[in-house]
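Step one of this worksheet: look at the structure below.
As the structure is a prediction and not an experimental result, all values here were calculated from the model. Residue numbering restarts at 1 for every chain, and letters A, B, ... go by the order of the sequence lines. Both backbone and side-chain heavy atoms feed into the values below; hydrogens, waters and symmetry mates do not.
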Amino acid sequence: MLITINIPPITYFLGISALMFLVGFIGVTLRKNTIVIFMSIELMFNAANLVFVTFASYYNQVNGQLFVLFVMAVAAADAAVGLALVVSIYRSRKSIDIDHVSEMKG
Amino acid sequence: MVLTWIIFGAIAILAVTSAVAMILVRSALYAVLALVGNFIAVAMLYLLLGAPFISLAQITVYAGAIMILFLFVVMMLGTQKMEFDEPLLGQRIVGGVLILAFLVGIIYFIVTQFGGQPYLPLRSQSLGGPVEVGTVLINQYYLPIFILGFLLLVATIGAVVLTRYKSPKAGLTHGQYDILTEPMEKREEE
């Protein structure tokens, strides 16, 4: 038995996803706090996941939802290693400002 | 139908405003809380799209586990105020140009791709329950699951190695650890 309800068309979900991705991009480029930059990356992951689920629902396929599971696991690994790097950087120079880590700029 | 639109509008406004609040707020702690709100709003969107398993996994994994990790780091490092000196001033200009280019790209894509047919209808059928997702996961994607487990193991080991303070008695040599964990001033004194 399938329960079908009418929900807003696909374009609105994609619009929300595009807005969230844009906000995450702005956060990555303009903020200086390393933790906030990491959270903006998570936000961009989330926007991509929303597109996956939207098209999975549009084409009636489960595969897109499985890719969301994989992205979640990769994001968890990414957050663990990234936050360990942030802690390590903070220990060595007592600051989490991303501008202070500029020795490799050439 | 009208009720669905009202629910959708409320969730959409919650998602976008919490995302904007996340990058506008000064304190990192409030940014974490705003991001949790955004994750919960996106989980409700998944529920609306007929993916209940992914929705609950989103709440437990993202809003539960990953955000707790972020909260721990914010707690450890303190909600320190960022000072206003900017050694790399040109980066903001480059960032603004990049954001503008990205915005133009998104608008161009939306106009060209969806300009002709703005309403692709969508019908929620609840196809993403645990039974369906688990069946496809075990039948088609067992190798990626193994690789993913190995990736998580490597990430855990990497996080432990990166955040360990003292070098062990035996094992890795001294120089490898000094670069990562020893404070900057001590290195400059030597």
Side-chain angles (χ1 to χ4, degrees), chain A residues 2-13 16 18-20 22-23 25-27 29-33 35-36 39-40 42-43 46 50 53-54 56-58 60 62-63 65-66 68-70 72-77 79-81 83-88 90-93 96-97 99 102, chain B residues 1 4-5 8 12 15-16 19-20 22-23 28 31 35 42 45-46 48-51 54 61 66 69-70 73-74 77 82 86-88 92 95 98-99 102-103 106 114 118-128 132-133 136-137 141 144 148 151-152 155 158-159 162-163 180-181 183-184:
Chain A
L2 288 179
I3 303 169
T4 61
I5 54 170
N6 284 314
I7 52 177
I10 184 172
T11 320
Y12 291 83
F13 289 94
I16 292 175
L19 275 178
M20 276 167 48
L22 181 68
V23 171
F25 191 72
I26 292 173
T29 46
L30 290 189
R31 287 301 299 262
K32 298 295 175 198
N33 194 332
I35 298 176
V36 177
M39 285 194 284
S40 302
E42 298 290 328
L43 188 65
N46 219 14
L50 185 56
V53 175
T54 305
S57 180
Y58 180 62
N60 264 334
V62 195
N63 300 35
Q65 298 182 6
L66 289 173
V68 172
L69 275 185
F70 296 148
M72 273 182 200
V74 172
V81 176
L83 289 176
L85 276 176
V86 172
V87 171
S88 176
Y90 180 76
R91 273 191 194 144
S92 71
R93 47 195 90 204
I96 51 173
D97 195 332
D99 274 0
S102 61
Chain B
M1 190 66 191
T4 320
W5 274 95
F8 176 77
V16 176
V20 172
M22 194 269 289
I23 64 166
L35 194 57
V42 172
L45 282 181
Y46 291 165
L48 206 59
L49 282 167
I54 297 296
V61 174
I66 297 181
L69 196 62
F70 275 98
V73 173
V74 169
L77 305 189
M82 313 291 288
E86 293 205 2
L88 308 174
R92 264 185 205 261
L98 277 178
I99 288 166
F102 188 67
L103 191 61
I106 283 182
F114 297 110
Y119 297 117
L120 295 176
L122 198 56
R123 198 165 278 274
S124 176
Q125 293 187 342
S126 178
L127 80 161
E132 292 91 352
V133 171
V136 181
L137 195 64
Y141 290 96
L148 217 52
L151 174 72
L152 285 175
L162 278 176
T163 52
L180 284 178
T181 54
M184 193 80 161

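- No other option in T29(A), L66(A), V81(A), V87(A) has as many heavy-atom pairs under 4.5 Å with chain B as L66(A).
- Proximity to chain A (any heavy atom under 4.5 Å) is shown, for F70(B), by both the backbone and the side chain.
- Using a 4.5 Å cut-off between heavy atoms, L137(B) contacts chain A through both its backbone and its side chain.
- Of the atoms belonging to V68(A), it is side-chain heavy atoms, and not backbone ones, that fall under 4.5 Å from chain B.
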**Item:** Test log, rule side chain to side chain contact (heavy atoms under 4.5 Å, CB included), inputs Y12(A) and L45(B)
**Value:** CA-CA 11 Å; Y12(A) 291 83; L45(B) 282 181; over 6 Å; no
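- The distance from the CZ atom of F8(B) to the CD1 atom of I16(A) is 3.5 Å, given to the nearest 0.5 Å.
- With a threshold of 4.5 angstrom between heavy atoms, I66(B) approaches chain A through side-chain atoms but not through N, CA, C or O.
- Comparing L103(B), V61(B), V16(B), L148(B) by how many heavy-atom pairs each has under 4.5 Å with chain A, the most go to L148(B).
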**Message:** For M20(A) and V42(B): C-alpha separation, side-chain torsions, deciding distance, then whether side chain to side chain contact (heavy atoms under 4.5 Å, CB included) applies.
**Reply:** CA-CA 10 Å; M20(A) 276 167 48; V42(B) 172; 3.8 Å; yes
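- Here L69(B) is the residue among I106(B), V20(B), L152(B), L69(B) with the most heavy-atom pairs under 4.5 Å with chain A.
- Checking side-chain atoms of T54(A) against main-chain N and O of L50(A) turns up a donor-acceptor pair under 3.5 Å.
- Between F102(B) and L22(A), the shortest heavy-atom distance links the atoms CD2-CD1, 3.5 Å.
- Interface remark: L35(B) contributes side-chain atoms only to the contact with chain A (heavy atom separation under 4.5 Å).
- When atom types are taken as modelled, the side chain of S57(A) and the backbone of V53(A) share no donor-acceptor pair closer than 3.5 angstrom.
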**Request:** Quick one: do M22(B) and V23(A) satisfy side chain to side chain contact (heavy atoms under 4.5 Å, CB included)? Show the steps, please.
**Result:** CA-CA 9 Å; M22(B) 194 269 289; V23(A) 171; 5.7 Å; no
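- Heavy atoms closer than 4.5 Å to chain B are found in the side chain of L19(A), but not in its backbone.
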